[in-house]
Q: 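Got a structure here, written out as structure tokens. Questions coming.
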Amino acid sequence: MADQLDQLYEQLCEHARETARWGAIAHLLQWDERTMMPSADAENRAEELTLLSAHIHARKTDPRLGELIERLEDSPLAADPLSDTGVTIRRQRRDRDRAMKLPAGLVEELSRTSVLGQQCWQQAREDDDFAAFQPVLEKTLRLKREEAEALGYEDQPYDALLDEFEPDAKTTEVAGVLRELRRELIPLVSALAASDRRPPSEILSRHYPRAAQEAFGREVAAAIGFDFQRGRLDVTAHPFCSGVGPNDCRITTRYDERAPGSALFGTLHEAGHGIYEQGLRADQWGLPLGQDVSLGIHESQSRLWENMVGRSRAFWEHFYPRAQGHHFPESLTGVPLDDFFFAVNEAKPTLIRVEADEVTYNLHILIRFELELELLEDRLPVAELPAAWNAKYRDYLGIEPPNNAQGVLQDVHWSGGAIGYFPTYSLGNLYAAHWFQAAADALGDLDEQFARGEFTPLRDWLRENIHRQGRRFSATELLQHVTGESLSSEPLMAHLRSKYGLLYQLGDLGTGA
Ligand code: ZN
């Protein structure tokens, strides 16, 4: 009996691993498309990827898989939901139910609309022509409402869509913590804008040779723990990280010789994603225990290394002498560490999300989250979206886009049907601050370690507590398990108030309430 169960369990795992291999092939094709492929072959690549995604959907809805799960979920192997076998069976059931609820016709229509939508958006952004994009967005929203109905939800349709990116998260809870964050961020942003302290940002518009940026980026990524024996760093237009195999993680960046922060902090960000991928259990590759929890948890790893570590003064105490003396003497000779540190931490309202600083970034996300919720629930007609967008930028950030290209048309997400994705960026920032506090409690003075160039204790703590857990817990359970806390804006706000209060000499910021 036990032998037979073990055999069934092994068959279930092999089924999942094979599906993951097909997924890995798709990821490799996507990586190639975005780094190496001649753009003339785009249509053919889209055909190849559609073929693979149809095959993967067929595997996820394979009746044989359903049978295996059914026979195992009432067995002793599933009795303890937190045991390795229990987690594997439970998560496979969850993924299977989700895949089964989506009619193949809807999946196909969503995928076609997403490809066309992104093409249409690209042109509309180029022409600054929202009206050209409006019908596609209306159709996308119609399909996403259908998708939400097909998937089902307890409270509101947005729950079903959010669940794709942040499993088990509830809209009301996410909205609650983001509202709290907004209430505290807006006065902080105004206080920063009113300060007469200004960073010497001119330092960062000097010339930083591309080859030196790449060499420095590799040095830093390796120092924080990205393993180049099991990964690569390449160039792309829109940076991303892709876990292609158990020992193959691809990160990407882009270089601008007059704006070194883009590649430097971008590389740290993607290396943070990569360190998570590389920290997953290789023996569980393709199985829930070897997979990431959610986009929010993934983003917490990238943001932790990019912001909590990479934008700290201690980090630069260690790396600045190398940057100044070895990599960028032409631009940094004679520039004091404190000037450089202030320059890479400039906080001010800007129009473009991907260029936003650590303080204002979450307000960009809030605006998108609030608007997509209203759009999905039909409380905001698509035709009125640009005006609503501009009004929120005025209210939250005190600035207004001069056109839609730099406003509502700047992000690709909605055109590709990724509704429910944006909040995961802010969840990542919130989780990162929780992890950082807990790591500091466990490891002692992290600043002292960073200043000595020691990043391994932090990486190992993250690996042990987060990476090695795979999907044993949901995001909120993992936070509870590791820190004993519930998600809150407080750790992030405490970090921002103390760091920026000092930089901008704001004095006592109180609670910001
Ligand atoms: Zn990221």
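Counting starts at 1 for both ligands and their atoms, following the listed order. Basis for what follows: all heavy atoms, side chains included, without hydrogens, waters or symmetry-related copies. Numbers here are sequence positions counted from 1.
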Q: Suppose the criterion is ring pair (Phe, Tyr, Trp, His ring centres under 6.0 Å): which pairs have a residue in residues 161-185, not counting sequence neighbours?
A: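 Non-adjacent pairs meeting ring pair (Phe, Tyr, Trp, His ring centres under 6.0 Å): F165-Y421.
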Q: Under the side chain to side chain contact (heavy atoms under 4.5 Å, CB included) rule, collect the residues that match up with R452, sequence neighbours excluded.
A: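 Once residues adjacent in sequence are excluded, the partners of R452 under the side chain to side chain contact (heavy atoms under 4.5 Å, CB included) criterion are E448, Q449, E454.
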Q: How many protein N, O or S atoms sit closer than 2.8 Å to the Zn ion (ligand 1)?
A: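 Under the 2.8 Å cut-off, the count stands at 3.
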Q: Under a 4.0 Å N-O cut-off, is there an ion pair linking E214 with R218?
A: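 Looking at R218 together with E214, the answer is yes, because their closest N to O distance falls below 4.0 Å.
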Q: Under 3.5 Å, is there a donor on one side chain and an acceptor on the other for Q406 and N403?
A: yes
Q: Contact between H413 and R368 at the side-chain level, heavy atoms closer than 4.5 Å - yes or no?
A: no
Q: Do any pairs count as a salt bridge (Lys or Arg N to Asp or Glu O under 4.0 Å) and have a residue in residues 241-252, sequence neighbours left out, and if so which ones?
A: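 Residue pairs passing salt bridge (Lys or Arg N to Asp or Glu O under 4.0 Å), neighbours aside: D248-R250.
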